[in-house]
Chemist: 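For reference, the structure I am asking about is given below.
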Amino acid sequence: MAKPILIANWKNHPDSLKEAKNLLKQLSRDRSLYKKLFFFVAPPSPYLESVAFYKDFIRTASQDISSVPKGTYTGVVTSDILKSFGVRIAILGHSERRALGETSSEVAEKVKVALRSGIAPLVCIGETVRDADGEHFEFLREQLKLSLSCLTCKADASKLVVAYEPVWAIGKDAKNAIDSKDLSQTVIFIKKVLSDLFGREIADRIPILYGGSVEVSNADVLLQGTKIRGFLVGHASLNTENLKSIAKSLISK
Ligand code: PGA
């Protein structure tokens, strides 16, 4: 069985390098636990090197990449630079970036750039509202297809990770996250779309993660029969005790 995946998305936290280093030091006390997972931390870019220092148990992730090619672009950090900091996976198309105007075509471009730099693309999709008629499934299909439209070969598709993050559930609490029945249905649907795009064999190899108000109190429930491979965790990842409990849920699933 492949190891579960846990990604800590720190967003814009903590407020200082000193606090980031402190958080990492606290995480390192449980390194033997995290080694049982594919454990990633996606910090704000200036903290990448500090995260990479702990490469014995943390894999470095970035929260985005730039799609601009090599050249002179003030203010841009290229994917090759990220790669040189040890970044192995990039969160792409997170809903908070889409809310700033990023389109699925731009996400598709970034998928291509990430692969070119040897960084695995973690493509986020998620509906803003869920309705009883299931209209959101069509939305998810389109968002996924467009976000992956630059993938030309199956070999590249097999490096993908997909995160299902319903926008309405992000940054809330366990009570407002999705329930396992709805999550299970959505995962089956995403697998079907991936299978239509790349064939069953490749689709089966693409891990699907869930993100959106994953907390200690709902981690077990979200894993029950839902066929997700792991979690993308935002606010709960900033508390090392909470993250440890979530990691334990994944290990014992
Ligand atoms: P949350 O964030 O766990 O705070 O809901 C998840 C995410 O935005 O990736």
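Just follow the structure's listing: the first ligand is 1, and inside any ligand the first atom is 1.
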Chemist: Mind running side-chain hydrogen bond (donor to acceptor under 3.5 Å, both in side chains) on Ser147 and Arg98 for me, showing each step along the way?
Modeler: CA-CA 11 Å; Ser147 302; Arg98 292 182 189 265; 3.1 Å; yes
Chemist: Give a yes or no on this: more than 12 heavy atoms of other residues, nucleotides or ligands lie within 6.0 Å of atom NZ of Lys35.
Modeler: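 Enclosed.
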Chemist: Does any N or O of ligand 1 fall below 3.5 Å from an N or O anywhere on Gly234, backbone included?
Modeler: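 Yes, at least one N or O pair falls under 3.5 Å.
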Chemist: Parallel, tilted or perpendicular: which fits the ring planes of Phe137 and Phe189, with parallel below 30° and perpendicular above 60°?
Modeler: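 If you compare the ring of Phe137 with that of Phe189, the planes turn out tilted.
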Chemist: Between Asp156 and Lys112 (salt bridge meaning N to carboxylate O under 4.0 Å), is one present in this structure?
Modeler: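 The answer is no: the pair does not qualify as a salt bridge.
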Chemist: What protein heavy atom sits nearest atom 9 (O) of ligand 1, and how far away is it?
Modeler: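 Minimum-distance protein heavy atom for atom 9 (O) of ligand 1 reads Glu165 OE2, 2.7 Å.
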Chemist: If you count the atoms of ligand 1 from 1 in the order shown, which ones are under 4.0 Å from a heavy atom of Ser213?
Modeler: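 Under 4.0 Å from Ser213, ligand 1 has these atoms: 1 (P), 3 (O), 5 (O).
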Chemist: If you measure from the Lys or Arg side-chain nitrogens to the Asp or Glu carboxylate oxygens, is any gap between Glu102 and Lys110 under 4.0 Å?
Modeler: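 Yes.
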Chemist: Using heavy-atom distances, let me know which of Lys11, Gln63, Glu215 sits nearest atom 8 (O) of ligand 1.
Modeler: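 Comparing heavy atoms across Lys11, Gln63, Glu215, the nearest one to atom 8 (O) of ligand 1 lies in Lys11.
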Chemist: Which side chain to side chain donor-acceptor pair (under 3.5 Å) pairs, counting each pair once, include a residue from residues 165-179, with sequence neighbours left out?
Modeler: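 Counting only pairs at least two positions apart or across chains, the side chain to side chain donor-acceptor pair (under 3.5 Å) contacts touching residues 165-179 are His94-Glu165, Glu127-Trp168, Asp173-Asn176.
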Chemist: Is Gly211 in polar range of ligand 1, meaning some N or O pair under 3.5 Å apart?
Modeler: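 Not met; the criterion fails.
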Chemist: Please report which non-hydrogen protein atom sits nearest to atom 4 (O) of ligand 1, along with the residue it belongs to and the distance in Å to one decimal place.
Modeler: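 The protein heavy atom lying closest is His235 ND1, 2.6 Å.
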Chemist: Starting from the C-alpha separation in whole Å, work towards a yes-or-no answer on salt bridge (charged side-chain N to carboxylate O under 4.0 Å, His left out) for Glu106 and Arg97.
Modeler: CA-CA 11 Å; Glu106 285 165 338; Arg97 298 215 52 82; over 6 Å; no
Chemist: Given that the side chain starts at C-beta and the backbone is N, CA, C, O, which of these parts of Asn9 lies under 4.0 Å from ligand 1, counting heavy atoms, or is it both or neither?
Modeler: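 Asn9 to ligand 1: side-chain contact only, backbone stays beyond 4.0 Å.
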Chemist: I'd like to check whether His94 has a polar contact with ligand 1, where a contact means an N/O of the residue lying under 3.5 Å from an N/O of the ligand.
Modeler: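 By distance alone, the answer is yes.
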Chemist: Taking only heavy atoms of Gly212, which atoms of ligand 1 are found under 4.0 Å from at least one of them?
Modeler: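 Every atom of ligand 1 under 4.0 Å from some heavy atom of Gly212: 5 (O).
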Chemist: Pull out every atom of ligand 1 sitting under 4.0 Å from any heavy atom of Gly171, numbered as shown with elements.
Modeler: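 Those of ligand 1 that fall under 4.0 Å from Gly171 are 1 (P), 4 (O), 5 (O).
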